[in-house]
Amino acid sequence: MSEATEQIFALVDVNNMYVSCERSFNPKLRKVPVCVLSNNDGCAVSRSNEVKALGVKMGTPWFQMKDLARQHGIIGLSSNYALYGDMSQRIMTILAEYSPNLEIYSIDEAFISCRGLGGLWTSTTAMGQHIRANILRCTTMPVCVGAGQTKTLAKLANFMAKKAPLFEGVCDLTTMSSARMEWFFTRIPVDEIWGVGRRISTKLNAMGIDTVQRLKDASPSAIRSHFGVVMERTCYELQGVSCLAMEEVPPARKEIVSSRSFGELTRSVDELSEAVTMYVARASEKLRRQHSVCSAIHVFVQTNPFRTQDPQYSGGKTIPFTDPTDDTRVLTGAAIQGLAGIYREGFQYKKAGVMLLGLIPNSIKQASLFDTEATRQSSAAIMSTLDKVNQRYGRDALRLGSAGIAQRWSMKSTNRSPRYTTRWEELPTVTAN
DNA sequence: TCTGGGGTCCTAGGACCC
DNA sequence: TCTGGGGTCCTAGGACCC
């Protein structure tokens, strides 16, 4: 493979992101066991190394670890997402200086494409160490860097960088000897691989595939027959065949959810309404920020499933819009009306939320043929004509474009419960042959 | 007593049409 | 009218991620 075409991915990941943020603003928290808790101080969502060493798993309810916390002086902090988001931005800004090809994967992770950076650094490891030192100096946040020929390998390398001190926070698989790599891969459990969760690892284990090396050595087609195309890709990626590309422009969301559990149970429809109103405000703000409109809103409520002694209820309703909208008032009205339909007396509610469904980019809606019922029908007529022509003269004999954009729209309600999917295709401009 | 929130993608199988 | 096969679309639900 020529150097020009060989791709190297680097994954930069903040260590214990939320805990590190808290520590960066309160140095007294360094060296003591800390965890950051979810909404209502429910579960541990970020743990310091000391807490991890005590065996506390991700998502452990705080009340279950109270004894342990007392024994070892674990500090539990309420989460502060504004702070974490801000810190994330600062880190991503620094990372953007290293490569024009940056994919922000989550609040605490980013992929960097090292294509074309070969001349700038003596090695990928050197670049990784520079990134580490730079971010630590500017933000006090510790990060680890992993590099590999594929995203899955870069993730794995990052895991190794975090676990094995000898890497000093940076692990580059692209320059590691295959013997050494195999030494590591036979010692890493298969469930550490990106895309292998609890269910799949159980099934893999039963098949005798318990380590990274075993999955790497497996036949991708056999893996596909048992687990589907996603696992097949993972298998290829472990072998160094890149199946997952960089996504530098984050795709617009296809749905937006806003929901919360309540600190205290409630029976009151007024309280539920108040909560739902807030959720709609939050969700529709996100909707407008990504310049989309939505074609349906779903509102749901539920009781506390953990209180098995209580009567349980979970209800939801989807309200469609003839004219897709981003208007908070319209959305709120629909949600409150939906809520009235699903609210039942005699239950203690623990959670409520809304989902915005069938999201369409504004540009598409404006350029589209279905702003009104009439144009929507004519759109359908055009499409059916096209289908007939194409059927007679062969597939793709004719395509339609309207200002470069036409789309088939599927927002269909069936006799069963309607489901709103976002599916629009851009067709190229008219070509006849 | 106390148990998070926000997403995506894939597949099996039914409905429907020709 | 009956029968069958193939293609496509759709939904529900599973699995995963951070």
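Just so you know, these numbers come straight off a predicted model, no measurement behind them. Order of the sequence lines sets the chain letters (A, B, ...), proteins ahead of strands, with each chain counted from 1.
- A/Asp310 places no side-chain N or O within 3.5 Å of a backbone atom of A/Asn304 that could act as its donor or acceptor partner.
- A/Ser201 places a side-chain N or O within 3.5 Å of a backbone atom of A/Arg198 that can act as its donor or acceptor partner.
- In summary, of the residues considered (A/Asp13, A/Asn49, A/Asn16), a side chain to side chain donor-acceptor pair (under 3.5 Å) with A/Lys162 occurs for A/Asp13 alone.
- Among B/dG5, C/dC17, B/dG7, the nucleotide with an atom closest to any side-chain atom of A/Ser261 is B/dG5.
- Residue A/Arg307 is in sugar-phosphate contact alone, with no base atom involved, counting any heavy-atom pair closer than 4.0 Å across all strands shown.
- The phosphate of B/dG6 (OP1 or OP2) has a side-chain N or O of A/Ser259 nearer than 4.0 angstrom.
- Among the heavy atoms of the strands lying under 4.0 Å from A/Ile200 are primed sugar atoms or P, OP1, OP2 only; no base atom is included.
- Within 4.0 Å (heavy atoms only), A/Asp108 reaches sugar-phosphate atoms of the nucleic acid but no base atom.
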Nucleotide-level pairing of DNA chain C, given in dot-bracket where Watson-Crick and G-U pairs need both distances under 3.5 Å and | marks other strands
....||||||||||||||
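- Heavy-atom contacts from other residues, nucleotides or ligands closer than 6.0 Å to CZ of A/Arg282 number more than 12.
- Within the structure, every side-chain polar atom (N or O) of A/Arg233 is placed at least 4.0 Å from both OP1 and OP2 of B/dC9.
- The ring-ring contact (aromatic ring centres under 6.0 Å, His included) check on A/Phe159 picks up nothing, with sequence neighbours excluded.
- Residue A/Ile107 is out of contact with every strand shown, counting any heavy-atom pair closer than 4.0 Å.
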